[in-house]
Every structure is written in structure tokens, then in C-alpha cells.
*Asks:* 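Before anything else, here's the structure in question.
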Number of protein chains: 8
Amino acid sequence: MTPEDIRNILEAVKQGSQDVDTALESLKELPFTEMGFAKIDNHRQLRTGYPEVIFCAGKTIEQALQIIRLMYGQHHNILGTRASEELYQCVKKEFPEAEYNVAARAIVIRREEILLTDSYISIVTAGTADIPVAEEAAVTAELFGNRVERIFDVGVAGIHRLYSRLDLIRGGRVIIAVAGMEGALPGVLGGLVDKPVIAVPTSVGYGANFSGLSALLTMLNSCAAGISVVNIDNGFGAGYIASLINKIK
Amino acid sequence: MTPEDIRNILEAVKQGSQDVDTALESLKELPFTEMGFAKIDNHRQLRTGYPEVIFCAGKTIEQALQIIRLMYGQHHNILGTRASEELYQCVKKEFPEAEYNVAARAIVIRREEILLTDSYISIVTAGTADIPVAEEAAVTAELFGNRVERIFDVGVAGIHRLYSRLDLIRGGRVIIAVAGMEGALPGVLGGLVDKPVIAVPTSVGYGANFSGLSALLTMLNSCAAGISVVNIDNGFGAGYIASLINKIK
Amino acid sequence: MTPEDIRNILEAVKQGSQDVDTALESLKELPFTEMGFAKIDNHRQLRTGYPEVIFCAGKTIEQALQIIRLMYGQHHNILGTRASEELYQCVKKEFPEAEYNVAARAIVIRREEILLTDSYISIVTAGTADIPVAEEAAVTAELFGNRVERIFDVGVAGIHRLYSRLDLIRGGRVIIAVAGMEGALPGVLGGLVDKPVIAVPTSVGYGANFSGLSALLTMLNSCAAGISVVNIDNGFGAGYIASLINKIK
Amino acid sequence: MTPEDIRNILEAVKQGSQDVDTALESLKELPFTEMGFAKIDNHRQLRTGYPEVIFCAGKTIEQALQIIRLMYGQHHNILGTRASEELYQCVKKEFPEAEYNVAARAIVIRREEILLTDSYISIVTAGTADIPVAEEAAVTAELFGNRVERIFDVGVAGIHRLYSRLDLIRGGRVIIAVAGMEGALPGVLGGLVDKPVIAVPTSVGYGANFSGLSALLTMLNSCAAGISVVNIDNGFGAGYIASLINKIK
Amino acid sequence: MTPEDIRNILEAVKQGSQDVDTALESLKELPFTEMGFAKIDNHRQLRTGYPEVIFCAGKTIEQALQIIRLMYGQHHNILGTRASEELYQCVKKEFPEAEYNVAARAIVIRREEILLTDSYISIVTAGTADIPVAEEAAVTAELFGNRVERIFDVGVAGIHRLYSRLDLIRGGRVIIAVAGMEGALPGVLGGLVDKPVIAVPTSVGYGANFSGLSALLTMLNSCAAGISVVNIDNGFGAGYIASLINKIK
Amino acid sequence: MTPEDIRNILEAVKQGSQDVDTALESLKELPFTEMGFAKIDNHRQLRTGYPEVIFCAGKTIEQALQIIRLMYGQHHNILGTRASEELYQCVKKEFPEAEYNVAARAIVIRREEILLTDSYISIVTAGTADIPVAEEAAVTAELFGNRVERIFDVGVAGIHRLYSRLDLIRGGRVIIAVAGMEGALPGVLGGLVDKPVIAVPTSVGYGANFSGLSALLTMLNSCAAGISVVNIDNGFGAGYIASLINKIK
Amino acid sequence: MTPEDIRNILEAVKQGSQDVDTALESLKELPFTEMGFAKIDNHRQLRTGYPEVIFCAGKTIEQALQIIRLMYGQHHNILGTRASEELYQCVKKEFPEAEYNVAARAIVIRREEILLTDSYISIVTAGTADIPVAEEAAVTAELFGNRVERIFDVGVAGIHRLYSRLDLIRGGRVIIAVAGMEGALPGVLGGLVDKPVIAVPTSVGYGANFSGLSALLTMLNSCAAGISVVNIDNGFGAGYIASLINKIK
Amino acid sequence: MTPEDIRNILEAVKQGSQDVDTALESLKELPFTEMGFAKIDNHRQLRTGYPEVIFCAGKTIEQALQIIRLMYGQHHNILGTRASEELYQCVKKEFPEAEYNVAARAIVIRREEILLTDSYISIVTAGTADIPVAEEAAVTAELFGNRVERIFDVGVAGIHRLYSRLDLIRGGRVIIAVAGMEGALPGVLGGLVDKPVIAVPTSVGYGANFSGLSALLTMLNSCAAGISVVNIDNGFGAGYIASLINKIK
């Protein structure tokens, strides 16, 4: 609520075109639906153009379903991340148009047409095992209206594979680089391109990898500039921020 | 070197307009100056529009001076980060136009005119003690040609201070949020704006802060989307990536 | 045993109204029941007004049952925390009045009437997935005779939800704030209220959350004053200390 | 600003007793003074009865002085924590009534009379080396109007010392327990008293103490209930929250 | 092999009572049985009076069985630690006299009479859930010929339970103190007794317990002297070293 | 691609014996097969004499099978590490000559004759439970054409077992030392031999072993020189680097 | 205070030979001197035969001096650990018989004759840099009346040095093994002797030593039995517990 | 001492050509000089061809000097690592031929002619600030008789610098790769060369670098094979093991 909004309400009150109780409600405004266990933000898509997203981990199936029903009734596109196969089966029974991206463990229900951007987001992985996280980023970015290019398995251990796809990678307006194990890919990319690189460490690896800590620290300490980092395995976050950047006008 | 570049060289060789040795040198190309202890990347500004930057920590004064002399001779703008007062005094003797940002510990020598962007980068700090890191980001972004707005000491412990400046913060094309201690500022901002937020944890704090680890983890785990993170105290990195985003056309 | 108690025993011995052996027993006193694998504190409720609580994790079902039988015979209210569904089924067979709070994984047997306080404890969660820990706090506080208000899913990523409930939250004599992921909620609350805030980090999250370490560090480093912290997922501890504070006369 | 406050302003606007611009300012209200490097919260004492506190670490002497001057002009009591001897000398030159608690490294300027509570806060340390942190808590609590009892060097390695002071400790409405090394004192106290215990780990120790981490973990994992924890060495935070509890009416 | 042993062999060679090859074998001696996957130390019991012990975790059932068969043939007492129920069933089929301590997960086969010491080892636990580790220590110490007294569930949260058993605890020649969660028991005991205390942290707890790290650090940092520590959950190691101390003549 | 290679291509272009497009392809060369989810390096064996290796963890069975089919068609020896029993059953159905080393969890398909070196690699373990990691190293080294000697269960707790095999160990050109728990074996070996020692920490152990961290740190901090370390449980890496050293001519 | 003590007091009260107030004081007894900043345990030497020890780190010079004066007046032997050279100079001025062990940083004042045991404690170090910690153990053990044998610089990197001194080491009734870096010495010793080994990790080392954490973990994870561990650099603690063991009758 | 050595001594005793006492000494042999605080290994150079090396950190100047004098008397080449400028001045006064490598902080005294190998060791750094560690490796390798090639400042942030020197790097028989910050250089090199790579993490960096932990983890987790790792900043260890490999015949 901007100062301008407040001024307008005050003027309306002064001129009697709005009574005090209505104005009070506006100023206290409740742009969400109370569900007891959750408070759903209804105005979000109006404000930002982005659908509300459901982080399904830690919610019971019944809680997830209730939220989906509410959002479905508002005709929004729906994205459920970290969704189990079991949840998807329940959702599908009720909403047959629901799709499931197995690798990304994401449920998508498209209720509005999505126009894709001309510019695209490059999504790059170091290895095959990093693909699920990359897919979560891709599903997110696509649902938010971005064109996406996938370039998988180009890690630094065989760097000629990276070079052969460098033109395609560089063509993106922003790059998502997903890597586990030593996580060196974003740093090498950062020295080769002049686009913002969103680095996503994954928990892929073993031993002193410590569930992704190794890749996370590598990315944070990269001496190449132009790299920022999201949480381990956080494909959704990477897709979201890449979308914010790709849609800058 | 793009495929197009290679094709051009090959055509020139075929048509005899370039001899084999010259072409060989081009293909092996050495776009840097060998200094023994360092290899300076000469073509960087041509390629990216960004001046080469000197990370002064871990270099002797003599090493830093030699690099500055080389770059000065190439008429580039020069930025030295993590520079001691002592190094600055040596630089100033030789290059009187050198400036020193005490808070940021940055040396700047301007050799080319800098045109600022219309859009700006919002640089926000949670507290007063976070200002040095924010200044490093600001000096970097300004030298790279970005307009910057500084909004300091608006941390979440007194959140009405943040609200009073929210319009100015939101006006930026990209936001740099600098915070130590619990580092909650970027997450709160992420829920209030729809711009990319570059979060910079600082080592400000004590006890279980563990030299910035606390703020770093907070930022990585933020449940607000749209946030990515750079290394602890890495103002330069934040300024660089924000510049990449702000200059997207 | 206060100095006054000791004096009374000594006086009784002096006056011959108590023999030495009885006095010796009193001074060595054993205010617990020896069960071999456990020593149950019988006098606790008399001393503190609080029922003995059974931490069921790490006890076999048979051990838990024996302790419950003993306490049941003493007509105390009984609270079993971290209790499995399986344990509850065994308890219910023997004590049909036993109730089970599924979210909190708590068994409750009410054997005495509970009078609730007028003042209340506000129990707030950042997200839906934090509710089980909040429920453990609520069950504990209610069994100890406190009125409780639940305010769930008001995390800082959508801070207007928090504002809309701020009056209710502020009305409590003490506030329990439960949050996982980045755990910023207690710090933001601490700047908005002037009541003691008991912060409970939860293990909700993933990646660099490190099973709740992230939220724990955030809360310990909060720059808002008035916040103290209990162990990760320790809803019981939060409910207990909040009860101590709420019942201060 | 409560709904009641908003209603009052709206009624005043409606009845014409307040013009729109004044109301707008009230609703946007800026209850702080902008100093560029800091934003000082002027209304804090009115709202909470607590003086604004200056965390001096990380501020330059000039910045600290400017804030003190501003607050001095508002006739508030002033508390500067983590203040160096050097800063104190500068403050004293300008404000001769400033006092310095060497152990606590705290500067205090008393500008208003302080009425002490009848009930008191017990401040307990395990060892002699924990006294500076305890003093920071004591100075804070006293400036906020609380009576304080100091009971030092009663750690669990010689537990009879603790017993001899138990009546005094128990007499407090709330207890601050400060301990380094293994940090067991608060847990032992928690089993002996029925008052809220605020545990403060200190960085006192060596080796696997890891700068207070050992004591912090001990306190968080205490099996005695009724204990909550603040940051390592955070005497100020403990004093603040103890004051909130001690002043509950 | 002491210098005296070597001298004897040399003298025998010189006097011709031992030939060179036999002497060579003695000096190279191989006091173990090669099993390919393991090398079993046959002379151990002769040297130290202690039976060889089998750490079953990480061995296949077939490997464990082969080692037991070998040792059984040498008429030694056998102790298998960290043994699964499944392994025990296989052992029992072949050696019906094998016993299984369920809590300790230890298999014992007694093939020689065991004479117990007069002096005893006190084995103390803080809680009920620490009993399995204490039982591993007890089984070990008993098989090695030590009298043992078990005192369970006397943790510091209800310290009067500890006092009531203090005479029994103090009567031991050495004390094993087993505790999880905050692990404060050994430190409190260390201040009350003048016997060596072997502290055993357990992984009992949750949250910031970090699988026993909390208790381990507490014990290492104890300010009471006379305490040394073994690995988390290492009941066997505690029983072994306590036996070494208890049997000192 | 060496400078000599580039010169040859350029000369061919100049002399017209190679057209520009072919040369362009050579210079951009793509020495791998694109499989969408993976990019298989075809020229690897030609360049290095080493077969491509498949790290099976994190790949679906279908992905692993597709890669094996491709490599099988190229008549290379195939090594699949971290392969489940289930994957092996699928592979065997299609390629009956596939072998499975159960301990190492490795699939091997031999398609070319392997000539073993005269010199050998000593592979040593501290305990029985370290054998699986040692076997992974052995399988790797053997497939790469190295003779291997296995010396198992010679850890430092019974150091005479190590001495009895020292001549065999020393005879290797390079030594792989595999140890969990405290991981002291490589350091002791390093003081007894003058060959390079590749140390492999394993995750064998419990408690403060922290999944191999303990052994890893021991090995990195060894005061004996001549030791370098690979990742926890990384038998493959040790076998690979030992092969590089053993095959030095 | 044993049950027997309590009985005696009660009998005296009953028979009128002791009045109630005196008995009360006895039962509440205060066997320490209150110094405000410290509480000195006067009866300790009577109870345990051990002089009170002053941990000087974290105490001001004036505090340390006051404690020494008090103890000096009680004619006890005095040991001050972690004492600076500066503190020693102040102590010496007042008590000229004070001695200073530079390596151990320990102040000793002998006021009573010390009779040494026949049996001895072996104190072993891995390297030269571990000697200060070993000396702290030796000074402590000697002041407590133990004969000590020092065997320095016998670490496992040159294990023949250890063997040449093994008879002397084995001759001790208990062994203190001090080691930094990888800390393997106690584990190797544990396999060679059948005496209790007190392991002391030191902070000697660099890099992944992490201030002694590496050696600490090694010692805790030793697969040799008979080893227990004290805190990093805790020579005093090792000397104290070794004395308890060496003096067992 | 091999079995053959023992046999020879035994035969000599049998034949009377060696008396028992001499043989005893040989078998107990003491191939070191006892200095009280240290035991110097005299036979080391005979056995391994490597001079004894003095790790100067943690030794007093007098201790270091005594060791140097002893070794000087034995006409060995001497290497002192981690040597302060101050120590060097003392050494130089006594041994004017001593040299000091300032960057490596190494003292070298050459007393024997050193023949260099034909093959060489490539020593590569990622940045300028890594040079001191690389120099320690180089000084070590050269004193041990290896030819060395230095290639500095070729980190992955500007990977074309690495390519331009790749032929020189590849030419080495073994490669030492030194890198701080994110430490990605060894992994990228490992994919480009088929020589063993010894990776040395350095403590160069800041923030989440955690004193070299970041680079260490990166190197341990490298997905390129052929890489093994030494301790953080351990240039000496890398030089030593590279020498072992380079001198394989």
C-alpha cells in the first residue's frame, strides 16, 4: 500500500464517499484466505504476475489438497514443488489436467495461457544426477512464462563438452548452473560469459561432500565475479530469480 | 573465440591473406600480459565493458603497484579492493588522482569518463556496521557505470524504518541487501518487492554468529523467493552481479 | 529442602518428637520411586504444580507403560511427549481416557481438573510445517493450566499476514514463535512487541538448513532484544517456560 | 499503531479536525531520526519504557558520539554496550556524568530517575571469568529499573557452593545463569528452582570449547525444563529479557 | 618382545640350542591367524588376560561366524559387540551356550570360569535411554572379571536422585558415567567424588544434540578434574579402560 | 588438441587438402556422444588408455543401461561403480559376460584383453570393514592393467600384524592405504616406506567418527610425509591415481 | 557429608551436646571462603589430599593474587595453571619461593613436603611442540605426589623411536600420551601396552588440524581399547586423572 | 630391518663373529640422536636419499638451532620449513651459507651437491596469493633433486590463461596444483592431463572460505579422477610426494 493509496482512502473518507469502517478494513486489509493451518495470499498474482507456489514437503496430503482447491477456484496456474508421487495421484483424481514432472517432483496445473519470452534462460548441469534439480528450475521458469534451454552434463571434468555448447549457453539472458560434488561449473562459466549466473549446489556426491556443503562453499568462494548462489537443491528458487531477471524490461 | 571467429581465420588462411604462423598465434591467442607472479587479462574491458579489478589482499605492495602501472598504461579505469591505507599511500604518490574510499577500503583511479545508467541499484543495510561492505558494493557498481541509491540501517528489529524507505528501495532495478547478525533483512525484503535481491551476509556480530555463518545460512534458507547470495563480506561480488542485471537491455 | 525444613526436623529430634532414624531418612529423603530403569519423582507436582512429564523417545513401550501406571496411581495428569502412534494404542487399551494429539505426537491423560489462566500465551508459527512443534508447545501449556492462542502461518515472506494478527499476538503475556527454514519470525516479532518471546527453531527445511541449525543460529543472533531460544523442535520446553512466565503473580 | 489509533485518525479526518496531509504523515509516520549512517528510534522509550541502547562494536567513535548526542538531547537514559575504554574517554570529555563499568565494557549516562522493582533478578555465574558477561546483564537490568542480586562462582564442579546460595537464587522472579566451559550450571539450576532461567553461554574456556559453542549446546540440550538460551556472551540480551519478565504485572 | 626375550633367543642360538630358522621365526613372529579378510590375534589373552573382542558392525554374518569358530576352538571367552539379533540367531544355532544382552546388543560365550574382583566399577546413567550404552560397558567389564554396580537414571535435572545413591557410586574404584542430551552428569560427579570418572557421551537427544556431539563437548570441557572421555556410545571402550584401572594392583 | 595439431589443420586448409567446413568441425570438435541426459566421451580411451567409467549412483537404471550399450558398441572395457545389485541383474540379462564384485559394488565387462604390469600396487586395509572400499580400488586398478597385492586387516591397534606383511607392502611401486575409525594406518606406513601412499578414509566407525570425517582429518594432518588423500570411501579415485603412478615409465 | 556424618550430628542434637543453630550451620555448611568474585574451597585438601588449583586464564592479576594470598595463609601447596609471565612476576615479588615452569606456564608454591609414589606415570609426546602440554601434566602430577617419567618426541612418523623407549613407557602404572597434528600416538600405544592411556590432543598443527580438532577426533575414534581422552591442550586434567589412577591402593 | 638383516645377525652370532651384546644393540638399534626435547633420525638420508627436514613452527629458536647444528655436523643438506625471519637471522650468523626463501619461509643449507632429474614437476597456482605455498613445494622438490617448472596465476576464472600454458604443465611427470578460494583448478586440470595431480588447498580467501576448508572440500570432491590432496597450505608435503613420484624408476 503506497502513500498514494493511503491518500486516496483519506480523501474518500474526508469527502464522505467512504465510511470509516470500510476505510478501516482497507487500511488493515487482509489480502489472504485464512485456512487455519495456512494463510493463502490471494492478491499475489495480481501484484507480481506470479502464481502462488505450494511447497508440499511438510504438509499433509489433505492440507496440500485444500490449498490446491482454493487456488483452482481462483483460476490461477498452480505449481506444487517437492510433491510425492502419492500426492500427485490424489491431485490427479480431482483435477485430471494436473501434470507431474517426475524428475523435478513437481505438480503443474495450467489454468491460464502462458506466453513465453523471446529471450531465454540457459539451464546447465554438471552431471546427469543434477538433472532433477535443473528440472525443478525449468518447470518453475516455464510456468512463469520464460523460454528455457537445457544443456545437461557439461561438468568441468571434461571441459570440451562445455565449450561445444558455449554459444548456446551464452545466448541466454541469465544462466542457471547446477552442480554437485565439487561444484566448480558456475565458477568456470563465470569466467567465460558476461551474464548473471545463478549457481545451484546439489546434494549429489558422497563422503566429504557433506550433502552439498562442498559444492555450496565452492560456489560462494568462486573467484569469478557475476555468480550468486541459492540453497542446496533449490531449483525452484533459481528458476524464480532467473525469471525475475529474464523479464526485466 | 566464437565459431565465426575461427571461420574467419580459416578463410583468411585459405585465401592466403593470413600466413599459418599468424593464424596459429591467433588460435592459441594470449590475451594477457605475463608478469611472472600474475597474468593480467588485457582484453577484458573490450569484451565485457568492465575494467579489470585487483583483489589486493594477499598481494605484496610491489605486486599491486606493478599491476596498477600496467593497467594505467592501458588507460583503463582501475579498482583495487581490500586495499590497505598503506597501499593507498604508495599508489597516491605515483598516481595523484587515485581516490580512497575508507569504509570500503577501495582504491579507484578514473581514467575514462563514466556514464551512469538511468535505472538504479538499491543498496540496503540492516545496520551501521554493515556499511563498509555496502560501500564496497556501491564503489564497484558506480565505477561500472550504475546509478546507486544507498539506504542504510533499516534492519528488521525496527521494521517501520524499512517501511518508510520501501518506495525508494522498490524503485531499483535490482536490490543489494547487506546484513550481519541474524541476516533476516533480505528475506523480509524478498516478500515485499518483485525485484531480484542480491543478499550479502556480513561478518558483523559475535558469539554464535561464527564470523558471518549465521547470516549466510539465514539468507540461503530464506522462504521468500527471488533471493540469491554471495560470499560473506563480498561487497564487490554483489556490486558486479547487480551491475550485470541493471545493464540488461 | 529449605533451611526452615531442616530446622523443623532438628527441633523435632531435640524435643524427642522424631527419632533419629526417621529424621535421618527425612534428611536423606528419597522423593522418588525406584523402578530400576528409571527413578520417578513423586513430589514434583506438590512442589511445582506441574505434572511429571514422560519423554517417550528412547524408552521401550513396556518402560513407558510402567511409568504411566505408576503416575496414574498417583492421580496426576500425565503428559507423554514424542510418543509413537503404536505406544498410544497400548496406552489406550489400558487407560481408555488417554487422548492423542497426532500433530504433536503427545499422549495426554487428564486425572485432575485444570483451571486455565485469564492471561494467555500466543503461539505463532512461520509456516504450516511448523505446526507439529507448535502443537507440542500448546498441549504442554494447556495441560499446565494456561490459556493458549494459536496463530499459524504468518512467516516473514508475506509479512502482511503477520500484521493482520499482530493485536492478537501482542495480547499474550508471553509469545512462543516457532519457525524453520531461515527462522526470521522471532526477530521480526521481537521488534514489534514488548513481551518476552520464546523462539523455537524447527528442523523444517532442506539443504543448508542442516536440520534446523540455520534457524537456531538466526534466532540466537537476532538483533531484536527480548528473545531467548530453546532446542530445535523443542515445543515442550517452550510450552513449559512460557507457562512459568505466564503464571508469574 | 493499533486499529484503534487508525480509527481515531480516520474519525478526525472525517470530522475535519485533522487535514489529510497531517493524517498522511501520521499513517506513514517516521518515528526515527535519519542520521545517514543510522536511523535512531525516538519513540522507543515512550512505547516500551526502555531507553534506546547503542551496540558500540562496529561503529566508529564519531558515529557513536553522534548517536549519544542525539539521545542526550532527548533526555533519555543512555546505555552503550561493547564500548572500548577509548570511546568512554571521548564520551566522558563531552558528558562528564558518563560512567563506565570496566568488566561489562558498558557506558551508562543516567538522565532520568530510575525506580527499582521490589522483586529481583538473580544473576548467577559458574566461574570468576564469567563475571564480565554477568555484569553486562546486571548493568542492563539495573538501568531498566530492576533490582538485581549477584551470586558469582557457584559452578557445578563444587556444587555445595551453589547449595549454600540456593535460597537467594530462588528468591528471584527470574534467574540469569551465566557459564562457560561445559556450561552445566543452568541445567542443574533448572532442576532445583521453579522460575524461568535465562541461560547465557560464555566464550570462557579453551580447546574443544570452540569459543562458547560447547556451553551453548549444553544449555540448548538441557533435560531440565524451564531454560531458554541467548547468544554466546550476550549479557545485554539476557538482562533485557529478564527485565521483561520481572516487570510483568 | 622385550630386550630380555631377544637376549634369550640370541643366547640359545649362540649355544646351538636353537637353530637359525627357528630363531628367525621367533623374531619375525606372527602371533595371529591369517583369515584373508581378518588377522586374529591369538596370543592376546596370554599377554593381557583379556579375551579378543569382535566388533561385529561392518562384518558380514559369515565373517563374524568364522572368527567366532576360530576363537571358540581356542577355548577363550568371546565377546561380540554391536551384534544384530540376526547374527545372534546364527551364532546360537552353532553355539547354544551363547547369550545375548538385548539392550547392549552383545553376544557372550563363556568358555572359562570368570573370577570377579572384590572392588567394583560403578556404572551410572543420566537417563533411561542411556541404559543400552551402560549395559555394553557392564557386559564388557563383567566378562573381563570385574564386579559392577549399576545406578541408572540419576541425571542432574533431578539431582536429589543422584545424592541418594552417592555412597554406592563413590564406593567404586572407578566410575563410568553415561549421559546423552546435555551430558552434565560426569562433571557434577567429578566434583563430588575423588575417583577417576570415565565419561561416555551417548547419541540420545534431538535437535542441537547433533547425534551426541553436545554431550561429548560438555564432557571434554568439564571444569571438574578427574574426568576423561571415550567416543560417543562407546560402552565397550569405557568398560575396557575401567577394567584396566579396577585391576591395578 | 596441441599446437602441432592446429598447425597441421591450418596447413591442410592452406594447401586446399581440407575444406573450411571440415576444418571448422575439427577445431570445434565434439569428441563425445550426446545422449540428452549425458554426454559420453568417446575418445577418452584413445587419449589416455583408460576406459570410460560410469558412476552409477544418482543415475536411473535406464540411464545406466543406455550408457553401457553405447560403450559396449565401441568395444571398450566397461566399469560401473556404486552399482546396485538390482542394476547388475538388468545389465547381466543384456550382457551375460558382465561380472559383479559384491564387496566393491562394481560391474565389470571385459571386452579387450588386459595386460598386467610387472610392478604392483599394494592395497592395504586397517580392518575387515574397510575391505569394500579396498576392493573398489583393486577392481579399478586391475581393469586398468595393474597387478595388485591385497593386504587386509593390518591396522595400528595390533601393529605386529602390519610388520609381518611389511616386505610385501613395501614391494609395491605405490601403496593404497584404506582405513576408517581413527585412520592412523597411512601415517604409520608413511614413516616405514619410501613409496607414495594414497590414503583413503572410510566411513567405517561410529560416534565422533562423523561418517569418515575423523579418518579424513587424521590423514590430512599426518606428520609423516609422502601421503596424499582422496575423498571418503573413494576407492575408485585411489585405484585410478595409483594406476597413473604405477604406469609411469 | 555422608549419612554417618548426618547421624552423628542428629545424635548430638538429641543428646543436647549440640544446639540447633550450630547443627543447622553444619548441615548447611559453607566449606569455602566467599571473595565476591570467587568462592574458595577450603576443605578440599583435607577431603582429597589435593591442593586447590587456580586456573589463571580469565582472571585479573589482582583476582589471582587475592586467591593465592588466601591459600598461602592456609599453608597449602599452590598450583596456578595458564599463568602469564607477567602474573608470575607479581606473585614472585610477594612470595619469593614461587617457581615458574616456562614451558607449562605454571606457577608452583611448595608449602608442604611432597612424598613421591614408587610407581610412576609415563608422560609421552609425539613431537617437540607438544612438550608444553606435557609439562603442564608433569608439573601437576609431581605437585600431587607422583613420580613422573618424561619420554618426548616419539611420534608414529618414525616409529622406531617409540620402540626404543617402549620398556620405559610400559613401566608406568598409567600413561599420558600427548600429540597434535594427526594425533595417532595414543592409538598405537594402546595396542602395545596394557595400562590405561590418557590421551591429550594438542592444538599443534595447521590447516585441516582446526586447532586440535583433528587430533581430538583421532583419539576418540581409536580402535585400540584402553584409551580415554581429555580436552585439547588440557595437560592439567591429564595429570590430575593420572594421579587419581596412580594412587589407587 | 628386513628378515635378511636379522638372519645375517643371527648367523654371525652362531658363528661367534658377533657377540651377544653387540647383536642385541643391533636388534634394538637406535638410529637417532637423543636431544631430550627431540630425537633426530640419523639414518634417514642413507635409507631414503632424503635429508631430514625441520618443521620450525612450535620449536624455540634454541631448539631449532641445536637440531641444525647436529645435522650440519653430519654434512646433510638441511631444510627448515615454516621458519621465521628471526630464526633465519640466528641461523645465518652461525652458518653464513644458509639461504632464505622469503615467500616460502624456508631456510636451506646446501652441504652436498644436488643432481637434478631430467623429468620435471609442474607447480601451478590459481592466483598470486597462492605463490608462497607453491614456493614451499618448489624449494622442497628442488632440494630433493627434482627439476621444477613454475606456472603461476592460471586459475579457472580466466581459463584461457591456463590453456596457453597447458603444454608446459602437461610436460611434467607429476603436477602440483595450488589453489585457494574455491579451489577448482586441480579438478579442471585433472580433466585435461593424464598425469597424477597433487592438489594443495590454501587458506587464501575470506568469508565462507573458512581458512581453506572450502578449497579442501572442492578438491576432495573433484569428479575428475587422478587427483589426491594434501593438508591446507602444505607445500612441503606436496613437494615431497611429487618427488617420490618423479623419481620412480
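All chains are named by letter (A, B, ...) in the order of the sequence lines, taking the proteins before the strands, and each is independently numbered beginning at 1.
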*Asks:* Tell me, out of E:L213, E:N209, E:L192, who's got the most heavy-atom pairs with chain D below 4.5 Å.
*Replies:*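 Top option by heavy-atom pairs under 4.5 Å: E:N209.
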*Asks:* Do you know the tightest heavy-atom contact between E:N221 and D:A208?
*Replies:*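 For E:N221 and D:A208, the tightest heavy-atom pair comes out as ND2-O, 3.1 Å.
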*Asks:* Which residues in residues 181-190 of chain D have any heavy atom closer than 4.5 Å to a heavy atom of chain E?
*Replies:*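 Residues in range: D:M181, D:E182, D:A184, D:G187, D:V188.
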*Asks:* Which residue pairs pass the ring-ring contact (aromatic ring centres under 6.0 Å, His included) test when at least one of the two sits in residues 198-228 of chain D, sequence neighbours left out?
*Replies:*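 Passing the test, one end in residues 198-228 of chain D: D:Y206-G:F55.
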*Asks:* Might you confirm whether atom CD of D:E86 has over 12 heavy atoms from other residues, nucleotides or ligands at distances under 6.0 Å?
*Replies:*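 12 or below, so no.
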*Asks:* Under a 4.5 Å heavy-atom cut-off, does chain E meet the side chain of D:L216, its backbone, both or neither?
*Replies:*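 Looking at D:L216, nothing touches chain E.
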